Novice: 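Quick one: the structure is below, questions incoming.
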Amino acid sequence: SLRCSQNSNLCCRKDYYVDFRDIGWNDWIIKPEGYQINYCVGQCPLHVAGSPGMASSFHTAVFNLVKANNIQASGHSCCVPTRRRPLSVLYFDRNSNIVKTDIPDMIVDACGCS
Amino acid sequence: AAAEPRCPSCAAGAERRLLEEAAKRQLLEKLRLRERPRLAHAVPRAAVARALRRLQAGGARRGPDDDEEEERGYEIISFAEPEPTSPSGLGLRFQFSRTQDQDVHILQAQLWLYLRVPRDLVASLTLRIFLAGGEGDLVGGNRTLLSERRLSAKGSGWRAFTLTPALQSFFGGERRTLRLELESRGNGGDIIAIVNASRSHQPFLVAKAKVREPGHHVAKR
């Protein structure tokens, strides 16, 4: 599943929104008012190894390798971000200049098993 | 959370604090800041709103290959601190933070001034903008002419002066303080009367740049 839910401990995306007012940074960050600091969490048992949370062609390839080579649970498959997007930030720097920039790969959109 | 006493909300509180600290660290690292900026002085909201309108008006469209480029796009608005120079000149000082190993390439740079041109202007009046050298070079020292424009009686209000090619030399160097000198030629009144550099009409610079981060390819590799 893409987003974590109560009834599964499989690899998924945990959503969390940080509001810059809550951390006292809204005086120097003009836009946005906060951002999603999502993260990946959950188990990656072998039968889902390589399932990137979205397409499953990569999963099939990995699964066939596991079967063909009779790999035991020695190797570990990890729950990692498989798609991220940029965050556009408008902020004051220490000289009171206004800076606008896009921070690449800042927000986790999807998780999957390596 | 393990250290917290046995209560559900404590664990949630601990997770929240952990994530907020992670968000702070992630933002500072990605913005290449050592610590959160402490503003030197507050900028009037009206000035911020006005400058952001100019920034959006000229917003750089992200090109199709922008995502693949190893350069990052920046847009910056810098408000001028007026500096007294000679009777016929007005100095504007801009302060920039530099990260030594960043390779900055200026794509566009415009100086916005609020002009008050006399309505009954009949003779010719010219405004010239110079890039002054280092410290104390404002009084006619080694200066580079960046822009020159004849003003007309209808020329009052916010006006933009393009400074792009010449400013690259400043941003390619080490200096953090940019000094511009404004001069008026002709008998339409002195520069202080023509350019309103008061707090409510603070001149500002809008620049768009591409910055090549050091060792970016290493991260890619």
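Per chain, numbering begins at 1; letters A, B, ... match sequence-line order. Since the structure is predicted, the reported quantities are computational estimates derived from the model, not experimental observations.
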Novice: Would B/Leu18 and A/Tyr16 count as a side chain to side chain contact (heavy atoms under 4.5 Å, CB included) if you check the C-alpha gap in whole Å, the side-chain angles of each, and the deciding distance to 0.1 Å?
Specialist: CA-CA 11 Å; B/Leu18 196 70; A/Tyr16 196 88; over 6 Å; no
Novice: For the candidates B/Ile76, B/Val206, B/Leu33, B/Val48, which exhibits the highest count of non-hydrogen atom pairs separated by less than 4.5 Å from chain A?
Specialist: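 Heavy-atom pairs under 4.5 Å are most numerous for B/Ile76.
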Novice: The criterion is salt bridge (Lys or Arg N to Asp or Glu O under 4.0 Å); which residues satisfy it with B/Lys30, sequence neighbours excluded?
Specialist: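 With neighbours one apart ignored, the set is empty.
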Novice: What's the spacing between A/Arg94 CZ and B/Glu35 CD if we round to 0.5 Å?
Specialist: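 One gets 8.0 Å once the value is rounded to the nearest 0.5 Å.
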Novice: Counting C-beta onward and ignoring hydrogens, is there a side-chain heavy-atom pair between A/Met106 and B/Leu27 closer than 4.5 Å?
Specialist: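 When only atoms from C-beta onward are counted, B/Leu27 and A/Met106 do touch, with a gap below 4.5 Å.
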Novice: What part of B/Phe204 is in contact with chain A, defined as an atom under 4.5 angstrom from a non-hydrogen atom: side chain, backbone, both or neither?
Specialist: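 Answer is neither: B/Phe204 stays 4.5 Å or more from chain A.
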Novice: Would you check if B/Phe79 and A/Ile98 make a side-chain contact, meaning some heavy-atom pair closer than 4.5 Å?
Specialist: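 With C-beta onward as the side chain, the pair touches.
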Novice: Can you tell me which of A/Tyr91, A/Phe92, A/Trp25 forms the most heavy-atom pairs within a distance under 4.5 Å of chain B?
Specialist: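 Of the options given, most contacts go to A/Trp25.
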Novice: Say you draw a straight line from CZ of B/Arg16 to CG of A/Asp22; how long is it, rounded to the nearest 0.5 Å?
Specialist: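 Here the rounded value is 7.0 Å.
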Novice: How far apart are the closest heavy atoms of B/Tyr74 and A/Val99, and which atoms are they?
Specialist: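 Closest approach of B/Tyr74 to A/Val99: CD2-CG1, 3.7 Å.
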Novice: Checking A/Val18 against chain B: side chain, backbone, both or neither under 4.5 Å from a heavy atom?
Specialist: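 Looking at A/Val18, just its side chain touches chain B.
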Novice: Without swapping roles, check the side chain of B/Arg36 against the backbone of A/Trp28 for a donor-acceptor pair under 3.5 Å.
Specialist: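 The answer is no, because no donor-acceptor pair under 3.5 Å joins these two groups.
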Novice: B/Leu52 vs A/Leu90, test: side chain to side chain contact (heavy atoms under 4.5 Å, CB included). Steps then yes/no.
Specialist: CA-CA 10 Å; B/Leu52 288 178; A/Leu90 189 69; 3.7 Å; yes
Novice: Tell me, for A/Lys14 versus chain B, whether the close heavy atoms (under 4.5 Å) come from the side chain, the backbone, both or neither.
Specialist: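 Side chain only.
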Novice: Please flag which part of A/Asp27 lies under 4.5 Å from any non-hydrogen atom of chain B: side chain, backbone, both or neither.
Specialist: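 Contact with chain B: backbone and side chain both.
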Novice: Side chain to side chain contact (heavy atoms under 4.5 Å, CB included) between B/Ile77 and A/Lys100: does it pass, once the steps are laid out?
Specialist: CA-CA 9 Å; B/Ile77 297 168; A/Lys100 179 172 181 278; over 6 Å; no
Novice: Say you draw a straight line from CD1 of A/Ile103 to CD of B/Glu29; how long is it, rounded to the nearest 0.5 Å?
Specialist: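 Going from CD1 on A/Ile103 over to CD on B/Glu29, the span is 10.0 Å.
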Novice: With a cut-off of 6.0 Å (strictly less than), are more than 12 heavy atoms of other residues, nucleotides or ligands near CZ of A/Arg21?
Specialist: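 Count not over threshold, so no.
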Novice: Main chain of B/Gln95, side chain of A/Asn97: is a donor-acceptor contact present, judged purely on distance under 3.5 Å?
Specialist: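 Yes; at least one donor-acceptor contact below 3.5 Å.
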Novice: Counting distance only, does the side-chain N/O of B/Arg72 pair as donor-acceptor with the main-chain N or O of A/Asp102 below 3.5 Å?
Specialist: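 Judged by distance alone, yes, a pair lies under 3.5 Å.
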Novice: Under a 4.5 Å heavy-atom cut-off, does chain A meet the side chain of B/Ala22, its backbone, both or neither?
Specialist: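 Both backbone and side chain.
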